[in-house]
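To keep things clear, I will list the structure first and then write my remarks on it.
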Amino acid sequence: MTHLVGKTLRTAVFSVSAVLLLAVSAFAAEDGIAVAIGATTGSSLRLRSEPSLSASVITMLDEDVPVAVLDNTLDGWYKINYNGNTGFVSADYMLIDQDNIFDAYGRVEGDGVNVRASASTDSEALTVMNRNSIATVNGFEDGWYKITANGVDGYIRSDYLTMCGSSASAAGSLGSSSSDVVSFAKQYLGTRYVYGGSSPSGFDCSGFTMYVYKNFGYSLPHTATGQWQSGYGTRIYNISELQPGDLVFFCDPSRSNGKACSHAGIYVGNGQHIHASSSRSGGVIISDLTSGYYNTYFVGGIRL
């Protein structure tokens with residue numbers, strides 16, 4: 001959390017907004033809806049099964065870990081959820097966010113979860129996210145997280161999103177190593193090309209990259225241009241700077257219909273990328289991108 005990390009305060013001080021949430025905390029604790037956002041202020045903090053020092057330890061939490069507070073009415077304890085684990089931590093080692101300015105990551109718990117325009121089930125659904133997709137969490141309002149995902153800013157009700165890491169630790173916690181991404185992608189070599197396909201029964205180019213990265217917690221759009229413009233990761237414009245696991249994008253003006261990209265793949269190293277090709281020898285194949293067609297039309301890469 002940007003404004004929580006590095007603070008030396010060791011006791012939580014309730015803001016007016018936190019106090020107002022006390023009235024709903026009993027309901028929130030039952031239904032999994034958060035009443036506040038907190039951060040741990042001590043390393044090796046024990047998450048316990050009950051609000052007691054003699055209760056069993058569920059897991060250990062590092063310092064400056066963002067968590068969802070489910071109940072803040074307990075004497076000397078908070079009931080919290082972090083990364084799928086629900087338990088109790090001592091209030092002496094928790095800081096409740098008061099300025100609503102932080103940067104964390106959350107994992108979607110459910111399929112077909114709506115990202116809404118405001119913190120209400122009556123508001124417009126901007127996009128839909130599925131189980132294990134990752135969103136950036138940057139605000140909290142009345143039991144809803146303000147998030148950024150799929151290239152849009154919106155809100156997800158807190159019982160549909162589990163806090164799973166701060167920005168500093170997200171790269172390690174959200175997915176696996178680049179070699180894991182490449183290995184996972186290569187198991188689909190030879191899978192046939194199907195326009196609009198996004199499953200092992202058949203892929204198109206963006207359906208393939210979307211499917212691979214969905215396995216590692218990312219929810220990518222099902223178009224090459226949409227993925228390039230998703231706002232995820234860091235853009236790379238030089239082929240020599242690519243690393244295995246990076247998404248790679250291409251634009252052939254004769255095939256792009258004016259869009260930013262016409263093709264997408266995943267860099268596997270040694271100047272090659274794996275992708276779902278619609279060519280005569282198509283399907284999921286590995287091709288060189290240091291010369292020829294793919295070198296000519298290379299747009300850039302994204303490192304997630």
Side-chain angles (χ1 to χ4, degrees), residues 21 24-38 47 58-59 61 65-71 79-87 102-167 169-176 181 184 198-201 206-207 209-223 226-227 230-233 304:
L21 285 168
V24 298
S25 63
F27 172 81
E30 180 181 350
D31 286 0
I33 298 175
V35 298
I37 300 299
L47 180 67
I58 297 172
T59 189
L61 302 179
V65 169
V67 301
V69 179
L70 304 182
D71 193 344
K79 183 178 181 180
I80 69 163
N81 180 278
Y82 174 73
N83 205 19
N85 294 305
T86 297
F102 54 87
D103 186 12
Y105 285 86
R107 183 179 63 250
V108 174
E109 302 292 346
D111 291 317
V113 175
N114 289 316
V115 178
R116 297 192 178 273
S118 62
S120 169
T121 54
D122 296 327
S123 66
E124 176 190 1
L126 303 176
T127 188
V128 175
M129 299 183 71
N130 291 318
R131 188 178 302 276
N132 293 326
S133 299
I134 300 299
T136 302
V137 183
N138 45 42
F140 181 78
E141 180 180 333
D142 296 333
W144 292 68
Y145 294 128
K146 184 178 181 182
I147 63 100
T148 300
N150 291 352
V152 302
D153 296 323
Y155 293 81
I156 288 182
R157 208 173 71 180
S158 58
D159 53 340
Y160 289 110
L161 195 75
T162 297
M163 294 293 241
C164 62
S166 66
S167 57
S169 62
S173 64
L174 297 188
S176 300
V181 174
F184 183 83
S198 59
S199 74
S201 62
S206 60
T209 52
M210 180 179 73
Y211 180 84
V212 170
Y213 267 98
K214 181 179 179 180
N215 183 72
F216 295 94
Y218 292 90
S219 180
L220 296 174
H222 193 175
T223 66
Q227 292 179 11
S230 66
Y232 277 125
L304 297 177

> CG of Leu161 to CH2 of Trp144: how many Å apart, nearest 0.5 Å?
Replying inline: 11.5 Å
> Is the number of heavy atoms from other residues, nucleotides or ligands within 6.0 Å of OH (Tyr211) greater than 12?
Replying inline: yes
> Can you name the closest pair of heavy atoms from Tyr145 and Ala68 and give their distance?
Replying inline: OH-CB, 3.1 Å
> Considering all heavy atoms of both residues, which atom of Gly143 and which atom of Ser158 are nearest to each other, and what is their separation?
Replying inline: O-OG, 2.8 Å
> Distance from Tyr82 atom OH to Leu61 atom CG, nearest 0.5 Å?
Replying inline: 7.5 Å
>> Just by distance, no angles: are the side chains of Ser201 and Ser199 close enough, under 3.5 Å, to form a donor-acceptor pair?
In response: yes
> To the nearest 0.5 Å, how far apart are CG in Asn81 and CE in Met163?
Replying inline: 10.0 Å
> Considering all heavy atoms of both residues, which atom of Ser206 and which atom of His222 are nearest to each other, and what is their separation?
Replying inline: OG-CD2, 3.1 Å
> Residues in side chain to side chain donor-acceptor pair (under 3.5 Å) with Arg116, at least two apart?
Replying inline: none
> How are the rings of Tyr213 and Tyr218 set relative to one another: parallel (under 30°), tilted (30 to 60°) or perpendicular (over 60°)?
Replying inline: perpendicular
> Are Tyr155 and Lys146 side-chain neighbours, meaning at least one heavy-atom pair lies under 4.5 Å?
Replying inline: yes
> At their closest point, which heavy atom of Ser123 faces which heavy atom of Ala117, and how far apart are they?
Replying inline: OG-N, 3.6 Å
>> As an exercise, state the distance from CD1 of Ile156 to CD1 of Ile147, rounded to the nearest 0.5 Å.
In response: 4.0 Å
>> Could you check whether any side-chain heavy atom of Thr136 comes within less than 4.5 Å of a side-chain heavy atom of Tyr105, counting everything from C-beta outward?
In response: yes
> Do you know which two heavy atoms are closest between Thr86 and Leu47, and how far apart they sit?
Replying inline: C-CD2, 4.4 Å
> Quick one: OG on Ser118 to CG on Asp142, what's the gap to the nearest 0.5 Å?
Replying inline: 10.5 Å
> Would you say Val115 and Tyr160 make side-chain contact, with heavy atoms under 4.5 Å?
Replying inline: no
>> Can a donor-acceptor pair be found, under 3.5 Å and without considering hydrogens, that links the side chain of Asn130 to the backbone of Gly112?
In response: yes
